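The structure under discussion appears below in the form of structure tokens.
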Amino acid sequence: MLEVVRAGLATTVQDLGRPGYYHVGIPISGAMDRLAARAANLLVGNPEDAALLESPFMGPELRFADARTVAVTGAEIAPKVNGQIRPLWTSFRVDKGDLLSFDFLKRGARIYIAISGGIDVPVVLGSRSTYALGALGGFAGRKLEAGDVLPLGPGAGAAEGRTVPDHLRRMPEMPARLRVMPGLYWHRLTEEAKQSFFEDTWKVAPEADRIGYRFRGGRPLTFVPREQPFGAGSDPSNIVDAAYPYGSIQVPGGTEPIALHRDAVSGGGYMMLGTVISADMDLIGQLQPHTPTRFVPCDMAEALRARADRRKLLDAIRAHLAA
Amino acid sequence: MKIFLWRSLFALAFCFVAFPLWCCKWREWGSILGIGAWGALSMCWAEYKEVRRYSAPSVEAFLAAFTGSPWFVSMVGFVAGLPFLYQMVERKRQIQVPKYLRPRTDTPALTIGFGGCFGCIYSVRGAGGYQMFGITPMPIYDPQQKISYLQDFMCLFRPGDILVWKPIDREGYDSIKADVEAGRFTPSMAEVTFDLDAFERDVDGTNRKLLEALHA
């Protein structure tokens, strides 16, 4: 058992998600930075898809009812056991009654707290992930609150001191670079807008959460004039409602691009200019509000290479920790 | 496919108006009682006027058109279980309204929305870009699966289902809400076969037959 003493801002139980229900509007959910989540689980000796905690911008305070192995990955928010700093991306032991708390955020946006045995909340539609908008899964379908008591699975876990070295960790550059494959409704943009979207440095807006990240600060995007198709709505950024892919970038009114993430809305009536490639989705989860961000054009061949590279990185983490 | 009778409180007729959603946060919309006291002209009213400008000569004509023919579930999504609804009339009789250019960050659960040519029922509280016209007491999504008619699956609608609006008043709203909470409520529903060719040949006649099947 794990007692939540302080919950942090929006700490949720996540695993690798709930595929298979997007067609009825239930998104995949799961860790926004999947690589960090997998690494955290591997460090404590859990299966990679075990449920863990995701905390944006600040950590929670947790009290343990028994001895466990813990690892914290992702953002730079140093963990503390009874006030003593522990290293990030490294397994450490906690004993019965110990208090896990966190220092302040130095870099990145989200930490992943894996605990040996995993968070043993009920599996809903194949996953323990929290989809808070739909009050589904996780702990009572919501973010954690002080006083919650989380069940843990059995497992004393791996040894302490296991670590993922620096070169196997992945965090956004500064400014962040997100590779985007133009597509979908790209043809709706003017040549000028197609250029300015990639030339301008955008900033992450405060409206940035698990559903999507909003960006602002670039030049407004202009649209090729057309007579709007029936049912689309009157603005040139409106389309006849269609499915939204994960990572797709919609631009309501042409002003503020929104990149959908793990708790995406699955469809709607705004044009999408393209999609952040799957290999860079993890990086979005580590962007703080106001982070300068450049979108970088990318084609399918490069997107597939990036995906393969990311898989190699994961394999390298697995190999390192198996050694 | 299935056809459903959907009972809904439309804001205009009963003076329950939604306050502009970006400036207030409700804990729960369930207390619809409180809303009447918040006064009269606001979001929904403004949105009705918007519709008048675009589509219908009067608010009454809009409501008559909105509720006068069935709607087809063309897609389920946006959020869990939300039906996109397409008006089953000839294009020239379909209503079109603008969508929000900056999506709302909040919408009460079970709001009846309308944007472009599509209607919807907001299954959960959250963001939205369609205008808001009313509210229904009948849940369409229940992750706990405690609602009597959502025990097979947590989402009610499937693409291809058909829905008919039934305007209700405040008493009807309260009474259905109480019945739903007590597990006594089941939506009127019938299995039907929809024939696109027959529909295109005779829209009103086909719709009439659908309604007969629903009320049989």
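Just so it is clear: chains get the letters A, B, ... in the order the sequence lines come, proteins before strands, and each one is counted from 1. Here the structure is a predicted model, which means the values were calculated and not measured.
Contacts of Ile211(A) with chain B are absent, with no heavy-atom separation under 4.5 Å from either backbone or side chain. Contact of Tyr141(B) with chain A is made through the side chain alone, with heavy-atom distances under 4.5 Å. For chain B, the nearby parts of Ala135(A) are the backbone and the side chain; heavy atoms of each come within less than 4.5 Å. Looking at Gln228(A), neither its backbone nor its side chain comes within 4.5 Å of chain B, counting heavy atoms on both sides.
Of all the heavy atoms in Val124(B) and Gly134(A), the pair that sits closest is CG1-CA, 4.2 Å. Looking at every heavy atom in both residues, Gly77(B) comes nearest to Ser266(A) through CA-OG, 3.2 Å. The minimum heavy-atom distance linking Gly126(B) with Leu133(A) is given by the pair CA-CD1, 4.0 Å. Residues Lys99(B) and Ile239(A) approach most closely at NZ-O, 2.8 Å, considering heavy atoms.
Between Val24(A) and Phe153(B), some side-chain heavy-atom pair lies under the 4.5 Å cut-off.
For Met189(B), the CE atom counts as densely surrounded, since its 6.0 Å shell holds more than 12 non-hydrogen atoms of other residues, nucleotides or ligands. Counting heavy atoms of neighbouring residues, nucleotides and ligands inside a 6.0 Å radius, atom CZ of Arg208(B) does not exceed 12 of them. Under a cut-off of 6.0 angstrom, the local environment of NZ in Lys203(A) is sparse, with at most 12 non-hydrogen atoms contributed by other residues, nucleotides or ligands. Around atom CZ of Arg6(A), no more than 12 heavy atoms belonging to other residues, nucleotides or ligands sit under 6.0 Å away. By the neighbour-count criterion of 12 heavy atoms within 6.0 Å, atom CD of Glu192(A) is sparsely surrounded, having that number or fewer from other residues, nucleotides or ligands.
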Next on the checklist: Using the rule given for side chain to side chain contact (heavy atoms under 4.5 Å, CB included), can you reason through Tyr86(B) versus Asp241(A), listing the C-alpha separation, both sets of side-chain angles and the distance that settles it, and then say yes or no?
Outcome noted: CA-CA 11 Å; Tyr86(B) 189 73; Asp241(A) 294 60; over 6 Å; no

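Here the straight-line distance linking atom CE of Met154(B) with atom CD1 of Ile26(A) works out to 5.5 Å at 0.5 Å rounding.
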